[in-house]
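Both counts, for ligands and for their atoms, begin at 1 and track the order of listing. All residue numbers in this chain count up from 1 along the given sequence.
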Amino acid sequence: MSPRPLTVALPKGRLAKQLAPRFARVGVAAETFSESDRRLQRDAVMGAVPVRFLMLKPDDVPTYVEHGAADAGIVGRDVLLERGSELYVPLDLELGRCRMVVAAPEGRGDARDGHPLRVATKYPRIATAHYAARGADVEVIYVQGSVETAPLVGLSDVIVDLVETGETLRQNGLTVRETVCDVSAVLVVNRVGMKLRRGEINALMACLSAASP
Ligand code: PRP
């Protein structure tokens, strides 16, 4: 057995809560993922494997895994695509399912005459790749959040954003024009971790893949 626990980077918030039932099946107490717990490192035993969970901002999960500070991590596929990450993705957890879409206000969503389509998004790399694949001329405008506002006040013609329930789009009078890609939470592992901690990572995968949430 390795001297230090398997270190697993997790995104704080909604997804951590959804992971709790899967880990509970292998003996990790649901309280380990409590939102009121302010500890950023949480130790547990998963089956017979000692694990240290790092509670991180979702965008930081790949950083910790890429640098080997974590052996593995769980993160939305949107984060990986936007980063252009080359981490191994050995498992799709099929949790946190949503879609990356192009959306626009009802009856609008075309470029103004003689101008490229203006696309507001938190995901400039994903949006740029989506339109480049179509050979479309677009201006991508980066915003950090509340992106649904952009086409309502003339900042953009359309948005590229995540939609889960569709409620945010609906309440802001936007409709989906096309799907860019499906998104869900995935397990990421770095090359060194895959070699040195293979047995424990296999145990982690068995835990995470067992049955549906
Ligand atoms: C995300 C996303 C949409 C919303 C979609 O935003 O960017 O705005 O959730 O969810 P829905 O389809 O269930 O309504 P988030 O809540 O992360 O806030 P943000 O706009 O500040 O990024």
Side-chain angles (χ1 to χ4, degrees), residues 9-22 33-38 40 53-65 73-85 87 89 92-110 117-134 136 138-188 212-213:
L10 294 185
K12 283 192 285 190
R14 204 166 39 91
L15 199 54
K17 220 187 302 176
Q18 292 184 40
L19 286 165
R22 293 209 187 180
F33 305 103
S34 163
E35 277 189 277
S36 58
D37 189 336
R38 309 308 292 176
L40 300 175
F53 295 110
L54 309 182
M55 312 308 287
L56 303 173
K57 288 272 189 192
D59 287 355
D60 290 337
V61 168
T63 307
Y64 280 72
V65 181
I74 293 174
V75 68
R77 199 180 282 278
D78 55 315
V79 173
L80 288 187
L81 290 172
E82 185 56 31
R83 188 183 180 90
S85 172
L87 287 167
V89 181
D92 188 329
L93 276 63
E94 298 175 19
L95 282 177
R97 283 176 176 283
C98 51
R99 281 188 300 155
M100 186 72 68
V101 303
V102 177
E106 193 68 58
R108 290 170 32 210
D110 294 323
L117 186 74
R118 296 167 304 159
V119 183
T121 187
K122 289 185 279 188
Y123 302 92
R125 182 193 282 255
I126 294 173
T128 299
H130 174 72
Y131 285 104
R134 286 162 168 65
V138 300
E139 177 190 357
V140 173
I141 301 165
Y142 174 70
V143 293
Q144 288 206 352
S146 305
V147 61
E148 292 83 0
T149 306
L152 303 178
V153 297
L155 178 64
S156 72
D157 303 303
V158 301
I159 65 171
V160 166
D161 198 21
L162 288 177
V163 57
E164 186 181 3
T165 62
E167 198 54 26
T168 309
L169 290 183
R170 195 187 65 72
Q171 291 196 19
N172 290 286
L174 308 186
T175 55
V176 173
R177 295 303 155 85
E178 54 179 321
T179 297
V180 175
C181 60
D182 291 319
V183 170
S184 56
V186 295
L187 180 70
V188 290
S212 296

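- If you look at ligand 1, the protein residues with a non-hydrogen atom under 4.0 Å away are Lys122, Gly145, Ser146, Glu148, Asp161, Leu162, Val163, Glu164, Thr165, Gly166, Glu167, Thr168.
- Leu162 is listed as a side-chain neighbour of Tyr123, based on a closest heavy-atom distance under 4.5 Å.
- For the pair Asp37/Met55, no side-chain contact is recorded, criterion being any heavy-atom separation below 4.5 Å from C-beta on.
- How far NZ of Lys122 is from CE of Met100: 8.5 Å, rounded to the nearest 0.5 Å.
- Residue pairs satisfying the salt bridge (charged side-chain N to carboxylate O under 4.0 Å, His left out) criterion with at least one member in residues 147-158, sequence neighbours excluded, are listed as follows: Arg118-Asp157.
- Counting only N and O atoms by type, the side chains of Thr63 and Arg83 include a donor and acceptor under 3.5 Å apart.
- The shortest side-chain heavy-atom distance between Pro62 and Leu80 falls under the 4.5 Å cut-off.
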